[in-house]
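Note sheet for the following structure.
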Amino acid sequence: MNQSKQRCIIVAVDGPAGSGKSSVCSKACKRLGWTYVNTGFLYRAVAYICRQRQVALDDEQAIGTVIDEFTKSLVWDPETQAVWFQGENISGHLYTDLAGKDASLIAKNPLVRSKLLPLQRDLALRSPVGAIVDGRDIGTVVFPDADLKVFLTASIDERARRRIHQLKDGEVASSEELETIKASILARDTQDAARGVAPLIQADDAILLDTSHLKIDSTIEKLIELIQEKNLV
Ligand code: C5P
């Protein structure tokens with residue numbers, strides 16, 4: 001791994017599903033002129049391709065072959081976060097509830113994780129200045145020597161409310177819809193936190209940022225303040 005002194009600045013942001021990592025990190029990167037790497041897209045893309053090819057999500061060998069092909073032909077645009085596989089822009093298929101659930105299933109597999117590890121490091125280290133990298137194990141496994149580690153979280157009620165707001169484009173949700181989303185988020189968190197390899201956990205040296213009572217702009221401000229306090233910009 002290229003973690004020599006010359007490497008770009010790395011800020012690791014981990015946290016549970018729906019904690020707002022992608023909105024906060026992408027907007028912070030736009031302000032700083034840094035690269036945003038949302039590592040969840042890799043797990044989602046592999047899961048999506050497996051489903052397209054009717055590869056069972058517990059068929060380790062077949063998933064391994066998919067990852068090898070994916071790694072060879074992946075084109076990723078850090079500006080738009082668009083993901084191209086074998087000439088096709090698959091970005092529009094990755095952020096469904098199903099792709100999230102499938103991603104969490106394959107993410108339990110140690111072979112999948114070890115195959116996706118160098119790719120995550122490579123995408124971040126391509127950045128000329130700095131990168132904010134978000135996921136579940138960035139501060140613990142992908143970049144254990146990150147320049148700053150943040151664990152972003154929010155209460156389950158607030159995370160469900162935000163997810164519904166996103167899915168329904170601001171329309172009011174029924175209490176059943178809210179309960180369904182809550183159950184789906186909690187199931188994914190439990191699966192991510194309980195797995196034997198690289199579980200969702202706050203790194204010992206990560207700063208906890210609870211955004212339950214914070215608006216997105218204030219959360220971005222806080223993250224940028226933490227980066228400034230470390231003299232990284
Ligand atoms: O962050 P996102 O919700 O897109 O991630 C989808 C799934 O991919 C997560 O629920 C998790 O199981 C897996 N993931 C992971 N490690 C990462 C990023 C994502 O295990 N660094």
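Keep in mind the model is a prediction, meaning the values are calculated, not measured. FYI, side chains are in, hydrogens and waters are out, and symmetry mates aren't considered; it's all heavy atoms of this structure.
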Atom pairs and distances, donor-acceptor, side-chain atoms in residues 206-216, under 3.5 Å, two or more places apart:
unit_1 : atom_1 : unit_2 : atom_2 : d
Asp210 : OD1    : Ser212 : N      : 2.9
Asp210 : OD1    : Ser212 : OG     : 2.6
Thr211 : OG1    : Thr153 : O      : 3.2
Thr211 : OG1    : Arg162 : NH1    : 3.1
Thr211 : OG1    : Arg162 : NH2    : 3.2
Ser212 : OG     : Ser155 : N      : 2.8

Side chains of residues 179-186: which donor-acceptor pairs under 3.5 Å do they make with residues two or more places apart or in other chains?
unit_1 : atom_1 : unit_2 : atom_2 : d
Thr180 : OG1    : Glu176 : O      : 2.8
Lys182 : NZ     : Asp157 : OD1    : 2.6

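For Gln191, the side chain to side chain donor-acceptor pair (under 3.5 Å) partners are Ser104, not counting sequence neighbours. Applying the side chain to side chain contact (heavy atoms under 4.5 Å, CB included) rule to Ala45 yields the partners Phe70, Ile90, Leu94; only residues at least two apart in sequence or on another chain are considered. A search for side chain to side chain donor-acceptor pair (under 3.5 Å) contacts involving Glu69 returns Arg53, Gln86, not counting sequence neighbours. Under the ring-ring contact (aromatic ring centres under 6.0 Å, His included) criterion, Phe151 pairs with no residue, sequence neighbours left out. Remark: Arg159 pairs with Asp189 by the salt bridge (Lys or Arg N to Asp or Glu O under 4.0 Å) rule, at least two apart or across chains. Taking Tyr36 as the reference, nothing meets the ring-ring contact (aromatic ring centres under 6.0 Å, His included) condition, with sequence neighbours excluded.
Members clustered with Ile201: none, using a 4.5 Å side-chain heavy-atom cutoff among hydrophobic residues.
Pairs of residues two or more places apart, or lying in two chains, never qualify as side-chain hydrogen bond (donor to acceptor under 3.5 Å, both in side chains) while including a residue from residues 223-233. Residue pairs meeting the salt bridge (Lys or Arg N to Asp or Glu O under 4.0 Å) criterion with at least one member in residues 76-88, sequence neighbours excluded, do not occur. Within the structure, every pair that satisfies the side-chain hydrogen bond (donor to acceptor under 3.5 Å, both in side chains) test and touches residues 8-32, not counting sequence neighbours, is listed here: Arg31-Glu221.
With hydrogens and angles disregarded, a donor-acceptor distance shorter than 3.5 Å links the side chain of Asp147 to the backbone of Ile10. At least one donor-acceptor pair under 3.5 Å links the side chain of Asp59 to the backbone N or O of Ala62.
Residues Ala146 and Ala12 share a closest heavy-atom pair of CB-CB, 3.9 Å.
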